[in-house]
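Keep in mind that this is a model prediction, so the values were computed, not measured. Per chain, numbering begins at 1; letters A, B, ... match sequence-line order.
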Amino acid sequence: MIKIYNTLTRKKEEFQTLEPGHVKMYVCGVTVYNDAHVGHAMSALVFDIIRRYLEYRGYTVKHVMNYTDVDDKIINRANALGEDPLKLSQRYIEAYANELASLNILPPTATPQVSKTMPLIIEFIQGLIRKEAAYAAPNGDVYFSVPNDKEYGKLSGRKIEDMQAGARIEVGEAKNHPMDFALWKAAKPGEISWDSPWGKGRPGWHIECSAMNLAELGEQIDIHGGGNDLIFPHHENEIAQSESYTGKPFARYWIHNGMLQLGGEKMSKSLGNIVSIKDFLKKRGADVMRMLVLMGSYRAPLIFSDETQDAAEKSLERLKTALRPASASSGGLSAEVASALASQAESTKQAFIEAMDDDFNTPLALAALYELVKAINTARDNGATDAQLQPAQSTLRELTGVLGLQLKEKQGSSEDEAKVNALITERNEARKQKQWARSDEIRDQLKEMGVTIEDSKDGTKWRWS
RNA sequence: GGCGUCGUGGCCAAGUGGUAAGGCAAGGGUCUGCAAAACCCUUAUUCAGGGGUUCGAAUCCCCUCGACGCCUCCA
């Protein structure tokens, strides 16, 4: 039984889908006006891991991730660049999709865009007005009427009065109540706009997600996800809109990931402390980013530093050691020892599932994997053959695959490989003649080429590092 | 000011009543010409601090201190 921490109830709950065996999951994507950063990658990875695990447990997952391609920031950036806003956002959509693929994130089953959902958004707003949950202001804006929604604040645990005390709320002249938020914004001169019953304009930020949810997944969904910075106001407003419109409970489980932190602060475009996904991938591999996410709880802040990145890289290396082949000269394990390895594989699998079932406890799941790593390596040291290692290794592959880890050994060009082999042959000649200085010199040379070597009874092994 | 999350060894981190998982780092050992990798051993009488509940608390309650997030665009 899978348990999920639900932001709505602030409790772990048993996971039960609306429809047996099927999961409808909507995750807030990004506003596309700039390069995405590793914080976005974290969020995408968290929900990719959740999706992969749910699929592993037998669910069919409909995974919707939206692109906000109509927004103030996009318009400003497009104006600055003298580019059409939709062309600009399209460019960043393609870039983001490629980056997600590079991170080994499964493509969502649908990726709706605001600009392509306009008729439904307008219809949604009309519906809210009909139900008196919203009103059109004389200037062409349309607002959601917060005081008319008795349940407003249930996700974020806020009271309308408390928020007003914050005094940071801008009182728009056209609003009836300071907490009301825009569903439709009248177009300013020269801005991109769409025709609507209220004149030319464009949607507010929150309504798009309500509309796209309805379009892609229907009135009720199982999982709604995103970063915890979206809890208020975005998700609060989404609930308000969707539930006012349908009269039904919207999402069963609200899942929010913690923020990625750089130097003790949240990484965000407005703070300017950004590491882009592009730059990260130049320095480190996709697995390193994923490992960083796996090492901590998805709900907690993720400390992004050189130190944690190094640790993630080393931890990956450790997982990889278990997947390496048996020693060529191995004499085989006794039946007893071989069956002990098999039972470790089985108990690791169970521990892994138990950990992941408990609100996707990836650090605990990893701990289970390391036990299997140790068992495999010990078996190899004790002379296991490849055939004896293989079942345990394939269990390890299966489980790391569920987490989305690729654990590929690094590759070099075949030209370089020839060079490496020549050097190793030369070194082994030197070693035969006990010319240790020459031998070590060659090893240093190889190291500079990015090659690690290991001498063993079966000869010299090497790999790119 | 309000709402929320949280404070566990050098770093990351699991652990919601029964006596501190795991990874990285560090030290010692086996192996090796030396390394590397693997394996073995060692490293928190203690869980921000102070009270309280309990036979028993990192885990529950109260207070204090501190960090972070949200209350404005934000994954």
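- With both pairing distances under 3.5 Å, B:U59 is matched to nothing as a Watson-Crick or G-U wobble pair.
- Here the closest heavy-atom approach between residue A:Phe360 and residue A:Ile4 is recorded as CE1-CG1, 3.8 Å.
- Checking B:A37, B:C39, B:G22 against every side-chain atom of A:Arg463, the shortest atom distance belongs to B:A37.
- For A:Ser439 against B:G33, a side-chain N or O and a base N or O form a donor-acceptor pair under 3.5 Å.
- Heavy atoms only, all atoms of each residue included: A:Lys266 and A:Gln261 are closest at N-CG, 4.2 Å.
- Using the Watson-Crick or G-U wobble rule with both distances under 3.5 Å, B:C3 pairs with B:G69.
- Checked against B:C34, B:A25, B:A75, the side chain of A:Asn257 finds its nearest nucleotide in B:A75.
- You'll find that the side chain of A:Arg443 is closest to B:C34, out of B:C39, B:C70, B:C34.
- How far CE of A:Met449 is from CG of A:Asp416: 5.5 Å, rounded to the nearest 0.5 Å.
- Under the Watson-Crick or G-U wobble criterion, with both distances below 3.5 Å, B:U19 has no partner in any strand shown.
- A stacked arrangement is assigned to A:Trp436 and the six-membered base ring of B:G33, with a centre-to-centre distance below 5.5 Å and an interplanar angle below 30°.
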Mark up nucleotides 9-16 of chain B, 5' to 3', with B wherever a protein heavy atom is under 4.0 angstrom from a base atom, S wherever such an atom reaches only the sugar-phosphate, and - elsewhere.
--SSSSS-
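- Checked by distance alone, A:Arg380 brings no side-chain donor or acceptor within 3.5 Å of a matching partner on the base of B:A38.
- For B:C70, the base has a donor-acceptor partner in the side chain of A:Arg158 [N/O atoms by modelled type, under 3.5 angstrom].
- Put simply, the side chain of A:Asp455 and the base of B:C34 share a donor and an acceptor less than 3.5 Å apart.
- In the set B:A21, B:C70, B:C68, the nucleotide with an atom closest to the side chain of A:Ala367 is B:A21.
- With a cut-off of 3.5 Å on both pairing distances, the Watson-Crick or G-U wobble partner of B:G10 is B:C24.
- A donor-acceptor contact under 3.5 Å is not formed by the side chain of A:Asn228 with the base of B:G4.
- The pairing partner recorded for B:C47 is none, the criterion being a Watson-Crick or G-U wobble arrangement whose two distances lie under 3.5 angstrom.
- Of the residues A:Asp455, A:Asp440, A:Asp444, the one that meets the salt bridge (charged side-chain N to carboxylate O under 4.0 Å, His left out) test with A:Arg427 is A:Asp455.
- Aromatic ring pairs are classed by plane angle as parallel below 30°, tilted from 30° to 60° and perpendicular above 60°; the pair A:His235 and A:His224 is perpendicular.
- Ring planes of A:Tyr53 and A:Phe352: perpendicular class, angle over 60° (limits at 30 and 60°).
- Heavy atoms of A:Ser315 sit under 4.0 angstrom from primed sugar atoms or phosphate atoms, though from no base atom.
- Taking the six-membered ring where tryptophan is involved, the planes of A:Trp462 and A:Trp464 are perpendicular, since the angle between them exceeds 60° and thus also 30°.
- Contacts of A:Arg431 with the nucleic acid, taken as non-hydrogen atoms under 4.0 Å apart, include base atoms.
- For the salt bridge (charged side-chain N to carboxylate O under 4.0 Å, His left out) with A:Asp35, the qualifying choice from A:Arg77, A:Arg91, A:Lys278 is A:Lys278, the only one to do so.
- Contacts of A:Gly39 with the nucleic acid, taken as non-hydrogen atoms under 4.0 Å apart, include base atoms.
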